[in-house]
There are 2 protein chains.
Amino acid sequence: MPKSKICIRKICFSVETVKRLSLYLRDLRKLAKKKIQFISSNKITQLLNISPAQFRKDLSYFGEFGKRGVGYEVEKLIKKLEEILGINKEWRIAVVGVGRLGSALLRFEGFSKFNIKIKTAFDIDKKKIGKVINGIKIEDVGNLERVIKKEKIKLSLICTPPQVAQDITNRLVSAGIRGILNFAPVALKVANNVFISNVDMACELEQLIFLLNNER
Amino acid sequence: MPKSKICIRKICFSVETVKRLSLYLRDLRKLAKKKIQFISSNKITQLLNISPAQFRKDLSYFGEFGKRGVGYEVEKLIKKLEEILGINKEWRIAVVGVGRLGSALLRFEGFSKFNIKIKTAFDIDKKKIGKVINGIKIEDVGNLERVIKKEKIKLSLICTPPQVAQDITNRLVSAGIRGILNFAPVALKVANNVFISNVDMACELEQLIFLLNNER
DNA sequence: TGGCATTTGTTCCTATTTTCACAAAGTATA
DNA sequence: TATACTTTGTGAAAATAGGAACAAATGCCA
Ligand SMILES: NC(=O)c1ccc[n+]([C@@H]2O[C@H](COP(=O)([O-])OP(=O)(O)OC[C@H]3O[C@@H](n4cnc5c(N)ncnc54)[C@H](O)[C@@H]3O)[C@@H](O)[C@H]2O)c1
Ligand SMILES: NC(=O)c1ccc[n+]([C@@H]2O[C@H](COP(=O)([O-])OP(=O)(O)OC[C@H]3O[C@@H](n4cnc5c(N)ncnc54)[C@H](O)[C@@H]3O)[C@@H](O)[C@H]2O)c1
């Protein structure tokens, strides 16, 4: 498969670049907390296991943010990255499947830092429907299309069993969802104007096992 | 950073290959359930968004498993992949931090398919220590080194707050842990004989937001 | 048995990604 | 102001990954 490439105004870069921008932002925020005003590409990437040239090139796709001989102004770069990533405005998301994982996510406060707000959740289990977790009401999955459309939600997490994940995906997309973070261990099929990101824990563990099993 | 490359007996391939092997295995198991005996590289990769040539090349690093004109015998390839990945024997793992995420993982049965067994869990919270979740006793994190060494555990998950994750990592490594799946949003530093894999949900969400925000 | 259809394993080529290396720009010091 | 450092931004080179294409096997059927 061709690696998905992103092109904005004739400038092309890979999704890897975008992932790294998130990592830069995370560390820049830590630096800001420590009241550090300026940081060089060298210093910031020492913490991250990424080369300084990579850092500079990643940023160069979006503009010139540094000052030669000095480095990057931490607060300014944070603002710029938030803008580039698009988290300078609020993103309301949905969660489908409020089981063990889904309810952990509903209770997690850490997303608010990125302006991500879980607005609604869906389940099929009558015992769960109507309950409120962390201020989020669990809706009947039967109302999925209606609620997603009404709330104009564009992004959803899938935390259902894998058997139903494709069906849920189809329904989400038909209701207007354009991005899905999928926790179910299944490769979802979607039109190519819908973005999917998979978190596959078993896959990650198997990779570690492979490495342990084959090391010298 | 150089992409980590894996070399076994003069044959080199990337970690991406290993991740894809996990995906192949997952789909092969589904085929086996449906009693399908043979599958071609063409058919299996249609489900996966990977090119047939990639599939064949990935396998070719480890041997010849197909039959020309026929395809791959599903059951046989499953066995081979389990062997290659190293999940033909049991892997006992530990979980550090039994909060919302950690307890969801303790209750998750899905890892057993991969011969992964959560053997022990640790927390610092007195209210949690001693409790048993899904047959797994929560130990005092003070006993981390002792228990890990005694049980000869080599793989651990970190589900603690990010502030303590590096300290926990250092202790795990000194106790003999060689692979870590990290859920805390922080870049862990380890010697290069220790393998780290990160699951960073915020990062994945930001990537989706970037894509939604920039699409035409 | 021979011809046709299918599919693998692998080579070679192409595309993408990462790193190198250096001019340009800025700082510091005297 | 001149000189010695720093550090960025970026084109060019190197390293990696992905894919097309084809010979070599295998099966099927007349
Ligand atoms: N729990 C973990 O630690 C873990 C780890 C790795 C992967 N996963 C994956 O994440 C997903 C969720 O895991 P979990 O442990 O939370 O499972 P779970 O069984 O605890 O929760 C699943 C939830 O989905 C709901 N559901 C089922 N069908 C539905 C439908 N059609 N519409 C809406 N809701 C529906 C169920 O009622 C339940 O509340 C699974 O695909 C699992 O494989 C979980
Ligand atoms: N919950 C989620 O949905 C979610 C999503 C993304 C990332 N994460 C990350 O996963 C990690 C865990 O998240 P959570 O929501 O389960 O948090 P949590 O606060 O519910 O759980 C953390 C657990 O770690 C324990 N702990 C704290 N210090 C410890 C120490 N020194 N040794 C051992 N245990 C210790 C706490 O007692 C608690 O039980 C965090 O780093 C979080 O950022 C969580």
Side-chain angles (χ1 to χ4, degrees), chain A residues 1-21 23-24 28 31 36-74 76-77 80-81 84 207, chain B residues 1-21 23-24 28 31 36-74 76-77 80-81 84 207:
Chain A
M1 269 305 104
K3 271 269 162 82
S4 53
K5 201 175 57 180
I6 300 157
C7 297
I8 298 172
R9 282 176 264 108
K10 304 267 181 190
I11 299 169
C12 297
F13 47 92
S14 77
V15 287
E16 296 305 312
T17 290
V18 181
K19 285 199 186 169
R20 284 191 296 264
L21 294 182
L23 298 181
Y24 304 152
L28 285 164
L31 294 170
I36 292 168
Q37 291 200 321
F38 287 90
I39 188 90
S40 68
S41 59
N42 240 297
K43 284 236 181 69
I44 193 169
T45 53
Q46 270 166 20
L47 311 165
L48 277 172
N49 243 30
I50 294 172
S51 77
Q54 182 82 81
F55 176 86
R56 298 199 300 271
K57 179 148 279 190
D58 283 338
L59 291 181
S60 78
Y61 295 123
F62 303 95
E64 301 194 1
F65 308 116
K67 204 182 225 176
R68 293 170 192 222
V70 181
Y72 299 82
E73 196 181 329
V74 174
K76 188 179 129 197
L77 190 52
K80 282 288 175 192
L81 285 177
I84 292 166
Q207 190 200 315
Chain B
M1 270 303 106
K3 272 270 161 83
S4 53
K5 202 174 56 177
I6 300 157
C7 298
I8 298 173
R9 283 175 263 108
K10 303 268 179 192
I11 300 168
C12 298
F13 48 92
S14 77
V15 286
E16 296 304 312
T17 290
V18 181
K19 287 200 184 167
R20 284 190 296 264
L21 294 182
L23 299 181
Y24 304 151
L28 284 164
L31 295 169
I36 292 166
Q37 291 200 319
F38 287 89
I39 189 88
S40 68
S41 59
N42 241 296
K43 285 235 182 70
I44 193 169
T45 54
Q46 271 166 21
L47 311 164
L48 277 171
N49 243 32
I50 294 173
S51 77
Q54 182 81 79
F55 177 86
R56 299 199 297 273
K57 181 169 274 188
D58 284 338
L59 291 180
S60 79
Y61 295 124
F62 304 95
E64 303 194 0
F65 307 117
K67 205 182 224 173
R68 293 169 193 222
V70 181
Y72 299 83
E73 196 181 328
V74 174
K76 188 179 128 196
L77 190 53
K80 282 289 176 191
L81 285 176
I84 291 165
Q207 190 200 317

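In what follows, every chain begins at residue 1, and chains take the letters A, B, ... in the order their sequences are listed. What you see is a predicted model, and the numbers here were worked out from it, not measured in a lab.
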Interatomic distance, B/Glu16 CD vs C/dT17 C1' [rounded to whole Å] | 12 Å
In terms of the nearest nucleotide of DNA chain C, which residue is placed more toward the 5' end: A/Gly69 or A/Asp58?
-> A/Asp58
N/O (side chain, B/Arg20) to phosphate O (OP1/OP2, D/dG18) under 4.0 Å = yes
Rounded distance (nearest 0.5 Å) linking atom CD1 of A/Ile6 with atom SG of A/Cys12 | 9.5 Å
List the steps and the verdict of side chain to side chain contact (heavy atoms under 4.5 Å, CB included) for B/Leu59 and B/Leu77.
-> CA-CA 10 Å; B/Leu59 291 180; B/Leu77 190 53; 4.1 Å; yes
Carefully, step by step, assess A/Phe65 and A/Leu81 under the rule side chain to side chain contact (heavy atoms under 4.5 Å, CB included).
-> CA-CA 10 Å; A/Phe65 308 116; A/Leu81 285 177; over 6 Å; no
To the nearest angstrom, the NZ-P distance between B/Lys5 and C/dT17 comes to 19 Å
Between atom CG in A/Asn42 and atom P in D/dC5, what is the gap in whole Å?
-> 18 Å
For B/Ile39 and C/dT6, what is the distance between atoms CD1 and C1' respectively, to the nearest whole Å?
-> 14 Å
Can you check whether A/Tyr72 and A/Phe55 have ring centres sitting under 6.0 Å from each other?
-> yes
Measure the distance from CD1 on B/Ile50 to P on D/dG18 and round it to the nearest whole Å.
-> 10 Å
Hey, is the side chain of B/Gln54 poking within less than 4.0 Å of OP1 or OP2 on D/dA17, counting only N and O atoms?
-> no
Set of ring-ring contact (aromatic ring centres under 6.0 Å, His included) partners for B/Tyr61, sequence neighbours left out | B/Phe13
What is the distance, rounded to the nearest whole Å, between atom CZ of B/Phe13 and atom P of C/dG9?
-> 16 Å
Hey, does the side chain of B/Ser51 come within less than 4.0 Å of D/dG18's phosphate (OP1/OP2), counting only N and O?
-> no
Given atom CZ of B/Phe38 and atom P of C/dT6, what is their separation to the nearest angstrom?
-> 17 Å
At under 4.0 Å between heavy atoms, what does B/Ser41 touch on the DNA or RNA strands: base, sugar-phosphate, or nothing?
-> sugar-phosphate
Between A/Ile39 and A/Tyr24, does a side chain to side chain contact (heavy atoms under 4.5 Å, CB included) hold up when you go through it step by step?
-> CA-CA 11 Å; A/Ile39 188 90; A/Tyr24 304 152; over 6 Å; no
A/Gln54 and A/Thr45: CA distance, side-chain angles, deciding distance, side chain to side chain contact (heavy atoms under 4.5 Å, CB included) verdict = CA-CA 9 Å; A/Gln54 182 82 81; A/Thr45 53; over 6 Å; no
Identify the pairs formed between an N or O of the protein and an N or O of nucleotides 9-13 of chain D at a distance under 3.5 Å, and give each distance.
from	atom 1	to	atom 2	distance (Å)
D/dG9	OP1	A/Phe65	N	3.2
D/dG9	OP1	A/Gly66	N	3.0
D/dG9	OP2	A/Tyr72	OH	2.7
D/dG9	O4'	A/Arg68	NH2	3.0
D/dG9	O3'	A/Glu64	OE2	3.2
D/dG9	N7	A/Arg56	NE	2.8
D/dG9	O6	A/Arg56	NH2	2.9
D/dT10	OP1	A/Glu64	OE2	3.4
D/dG11	O6	A/Lys57	NZ	3.4
D/dA12	N6	A/Lys57	NZ	3.3

